[in-house]
Amino acid sequence: MNQPRYNQTKTLRFRQFTRKGWALFACLGRVVTIGVLSAATLQSATAAHRHVTTDDQESDSVRTVDKEATLDDVEVTGTRAPLALGQSAARMVMVLTRDDIQAAPVQSINDLLKMAVGVDVRQRGPIGAQTDIGIRGSTAEQVTILLNGISICDPQTAHNAFDLPCDLSDIVRIEVIEGPGGAINVVTRGARNEEGGTRNEERGARRHARLEGGSFGYLSAAAGISHLSSIISHLSTCFTRSDGYSRAKSGALNSDYAGAKAFYQGGYAGDKMRLDWHAGLSTKGFGSNTFYSARYDEQYERTTKLFTALQGEASGRLHLRPAVYWNRTLDRFELIRGEASQVPFNHHRTDVLGVNLNSRFDWPLGRTAVGAEVRHEHIVSSTLGEPRSHADGDKYRYGLDRTNLAFHLEHSVMLRRLTLSAGFIAARNTWNQTTFRLLPGIDASLRVADGLRLYASYNSSLRMPSFTELYYSVGGHKADKHLKPEELQALEGGVRYTRPGLTVKGAVFHHHARNMIDWVMDTRSADPVWQSVNHTRLNTLGQELTVQISPSASFLIPHFSFLISYCHLHQSKTLAPHLQSQYSLEYLRHKLVAQLRLQPVERLEVTLGYRFQDRRGSYTDTQGQVQSYRPYSLVDSRLAYRLGNAIHAYVEANNLFGCRYVDYGNVPQPGQWLMVGVRYSQ
């Protein structure tokens with residue numbers, strides 16, 4: 001791995017995260033974000049895991065906590081040009097480690113992200129059936145989703161963006177960055193991602209398995225094996241099903257779920273070159289209740305996704321990281337389940353092919369990163385796109401192609417206490433036939449004293465409309481194919497104080513958006529429909545505060561940690577009472593999360609989570625009445641007991657007190673959900 005050669009900087013490393021290559025990266029087809037995108041840090045629930053990834057990729061990476069609060073051996077890559085720890089600019093993220101994931105009372109990544117105070121998780125169904133995830137008031141379409149640093153954003157729609165091919169057991173960590181739009185990177189087991197660092201020196205096989213069952217006919221089973229040799233590989237599979245928690249008026253199940261996943265990841269690491277690859281499959285079918293229309297309560301959807309990627313890295317005076325990837329999505333939606341004769345099914349097939357090359361080099365004036373990406377998006381559909389001259393019957397009569405081109409340049413300068421990082425992306429999309437747009441940004445970070453850091457940033461971004469926003473004009477929807485791209489400018493300032501056993505951080509941010517895309521309905525109409533529109537101006541002002549206490553084992557309660565976070569948002573634009581917003585203006589005005597994790601006796605671990613949410617906006621219920629969203633509180637809990645070194649047994653309760661609430665349109669959420677399970681890892 002290259003050592004920085006400018007300003008006499010010294011590379012520091014954690015043993016656990018040496019040579020990690022995955023980093024948060026802007027999804028150029030959906031959210032084109034400048035290379036110095038800033039974010040305030042969110043913290044994992046366990047103080048022992050406050051350190052972050054050592055991403056060495058020239059993409060948008062992550063920022064660690066201050067040097068004073070970390071262990072030895074960390075290399076940080078806060079921008080497209082990685083920097084040494086203690087000289088990093090404003091790039092701070094929440095990192096959930098494998099221990100945090102295993103200790104949380106959740107069954108999916110979607111549930112796990114609910115405990116991040118700046119993240120808005122809106123579920124239409126349980127177990128990750130369908131989830132929209134926004135960050136700091138953004139819509140799901142604006143968030144970049146990555147798998148091992150590779151974009152898996154779906155240009156058709158963000159509703160199914162979290163159809164990941166990997167199980168929770170496969171995940172080493174999750175990185176969340178909170179800038180404009182934001183990004184979430186899921187990192188799985190692999191040659192450089194295994195807990196404990198690169199395991200080239202450890203030969204043989206490792207195995208893991210999981211079995212869970214619980215309320216509403218819930219059953220989940222998973223198994224995996226890792227082979228550690230000169231070529232390290234990991235293979236896993238899982239199956240999950242549930243009867244669901246509700247029924248249609250006819251008595252039929254309408255929130256049932258069944259899905260399977262398979263995932264393979266491998267890698268090879270040499271002295272000056274390494275390769276990493278993955279291939280995954282996710283398929284699921286689920287009762288869609290009244291997801292898209294209150295008139296029909298027996299909707300159904302089936303999705304199948306295929307993910308492939310190959311990444312390389314070559315070290316030297318010029319550090320190069322090329323990558324190529326291909327993702328395919330098949331989606332079938334049934335407005336009336338199994339009744340294509342009444343309402344024809346919607347069929348979509350989306351293919352995304354991308355190639356990128358990132359590079360960096362050091363010179364006397366700092367570190368410079370430069371790179372480019374080409375991403376081609378193609379869809380054939382029964383409803384989305386322009387008419388095709390050679391249609392495949394009624395199934396794929398329409399289609400569309402567009403290509404995203406982007407070039408980035410970033411430079412970082414490090415002084416004793418001050419770090420500056422500035423850059424831009426020049427981006428163009430063939431869909432709107434415009435010239436290249438320049439998207440600048442700058443970050444600054446000042447270490448005032450040991451453990452105390454101030455930061456500030458300015459960033460800009462651009463997002464192309466999804467195919468659904470442009471063309472979906474069926475089932476009570478009317479799309480506008482002439483929508484303009486979204487534009488966003490963001491200012492942020494923050495402070496972070498870190499001492500052993502204590503972390504306090506606060507941030508204030510302002511987002512100025514133009515042409516924000518939303519679906520709006522006029523309830524005064526005799527036959528109201530959802531229309532895709534551009535909001536002319538939208539300003540968001542927000543504040544975040546997080547306090548984490550992790551006293552040492554010398555206290556009365558050993559292995560104890562407590563976290564509390566609060567986020568407040570205010571948007572300048574409000575709709576008239578007769579108008580309803582489906583996404584942009586339905587934001588979390590208040591969100592409070594707290595988590596307590598302790599080990600009262602040996603082998604027993606207890607986790608308690610609390611979440612309060614107050615959403616602004618309204619929806620039309622199944623009786624046609626307009627209802628405002630109501631605040632609600634939820635409590636989740638988990639008890640885990642270690643049976644030897646390889647087996648863990650646990651009991652989880654989600655929504656422990658059975659709160660009844662609605663968080664998305666007219667879809668009631670489940671009450672108390674109990675689950676028991678056992679996990680084996682050797």
Let me see the working for K249 and D297 under salt bridge (Lys or Arg N to Asp or Glu O under 4.0 Å), right down to the final yes or no. CA-CA 7 Å; K249 295 177 182 178; D297 63 355; 5.4 Å; no
Test side-chain hydrogen bond (donor to acceptor under 3.5 Å, both in side chains) applied to N655 and W673, step by step: CA-CA 7 Å; N655 193 358; W673 191 302; over 6 Å; no
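- Seen from the ring of Y650, R638 counts as a face-on cation partner, given the 6.0 Å and 45° thresholds.
- Between the side chains of R349 and T329, no donor N or O sits under 3.5 Å from an acceptor N or O.
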Apply side chain to side chain contact (heavy atoms under 4.5 Å, CB included) to R206 and H227, showing your working. CA-CA 7 Å; R206 302 177 64 211; H227 184 261; over 6 Å; no
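- With a 6.0 Å radius and a threshold of 12 heavy atoms from other residues, nucleotides or ligands, Y292 has its OH atom above the threshold.
- Relative orientation of the W519 and H477 rings is perpendicular, given thresholds of 30° and 60° on the angle between their planes.
- What you find for T283 and R302 is that their closest heavy atoms are OG1-NH1, 3.6 Å.
- Considering R616, R122, R615 as possible partners of E586, the one that fulfils the salt bridge (charged side-chain N to carboxylate O under 4.0 Å, His left out) test is R122.
- Using cut-offs of 30° and 60° for the angle between ring planes, the F345 and H347 rings count as tilted.
- At a threshold of 4.0 Å, the pair D167-R210 counts as salt-bridged, since one of the basic side-chain nitrogens sits closer than that to a carboxylate oxygen.
- The pair R597-D100 meets the salt-bridge criterion, since a charged nitrogen lies less than 4.0 angstrom from a carboxylate oxygen.
- In this structure, I647 and Y680 approach most closely via the heavy-atom pair CG1-CD1, 4.0 Å.
- Y629 has its ring centre less than 6.0 Å from the ring centre of Y619.
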